[in-house]
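Single-structure report; data block below.
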Amino acid sequence: MSTVDTKAEFYSDLDDHWARIWTLSLATKQPSKRIKDRFFDFVIDRCSEVDCWKINEDIIGELFSEFVEDLGEW
């Protein structure tokens, strides 16, 4: 698998997790694209800090909680 495919797969998985958080877990519509982009940047920063690009429900759940905490500090 090429680097481009890996990156595309990461973004696709992240997009799926984002949709599941709002649709299945919270049962509400997704916030604006601006908030989604900030969450993606947040996840990318965290993944790059630990140099691990594998994400799953548990990891996304933890990162989403951290993201919400960070929103509270704005």
Side-chain angles (χ1 to χ4, degrees):
M1 185 181 307
S2 72
T3 304
V4 174
D5 291 342
T6 303
K7 187 174 183 179
E9 184 178 341
F10 173 82
Y11 279 103
S12 178
D13 287 348
L14 185 53
D15 194 55
D16 288 346
H17 286 293
W18 174 256
R20 273 186 246 134
I21 288 169
W22 295 99
T23 307
L24 300 176
S25 298
L26 299 175
T28 190
K29 69 178 188 164
Q30 296 180 25
S32 71
K33 182 174 179 340
R34 188 175 126 244
I35 298 297
K36 177 182 175 180
D37 291 344
R38 286 184 184 221
F39 178 67
F40 277 40
D41 289 343
F42 181 86
V43 171
I44 291 165
D45 285 347
R46 292 302 188 271
C47 287
S48 92
E49 284 175 7
V50 295
D51 196 28
C52 180
W53 300 92
K54 303 271 185 188
I55 53 176
N56 61 38
E57 291 292 325
D58 293 334
I59 291 168
I60 289 298
E62 289 177 32
L63 291 173
F64 186 74
S65 291
E66 288 179 34
F67 176 71
V68 170
E69 291 279 335
D70 279 2
L71 288 176
E73 294 176 7
W74 276 0

Here the salt bridge (charged side-chain N to carboxylate O under 4.0 Å, His left out) pairs for residues 63-74, sequence neighbours left out, are Arg46-Glu66, Arg46-Asp70
Rounding to 0.5 Å, atoms CD1 (Ile21) and CZ (Phe67) come to a distance of 9.5 Å
In short, salt bridge (charged side-chain N to carboxylate O under 4.0 Å, His left out) pairs touching residues 50-61 with sequence neighbours left out are Arg20-Glu57
task: Check whether Val68 and Trp22 end up in the same hydrophobic cluster, where Ile, Leu, Val, Met, Phe, Trp and Tyr are linked by side-chain heavy atoms less than 4.5 Å apart.
output: yes
Minimal heavy-atom distance between Trp18 and Gln30, with the atoms involved, is NE1-OE1, 2.9 Å
Residues at least two apart in sequence or cross-chain that pass side chain to side chain donor-acceptor pair (under 3.5 Å) with Arg38, listed by chain then number, are none
Residues at least two apart in sequence or cross-chain that pass salt bridge (Lys or Arg N to Asp or Glu O under 4.0 Å) with Asp41, listed by chain then number, are none
- Please work out whether the ring planes of Phe39 and Phe42 are parallel, tilted or perpendicular, with thresholds of 30° and 60°. parallel
Those residues at least two apart in sequence (or on a different chain) that pass side chain to side chain contact (heavy atoms under 4.5 Å, CB included) with Phe10 are Leu14, Val43, Ile44, Cys47, Trp53, Ile55
Those residues at least two apart in sequence (or on a different chain) that pass side chain to side chain donor-acceptor pair (under 3.5 Å) with Lys33 are Asp37
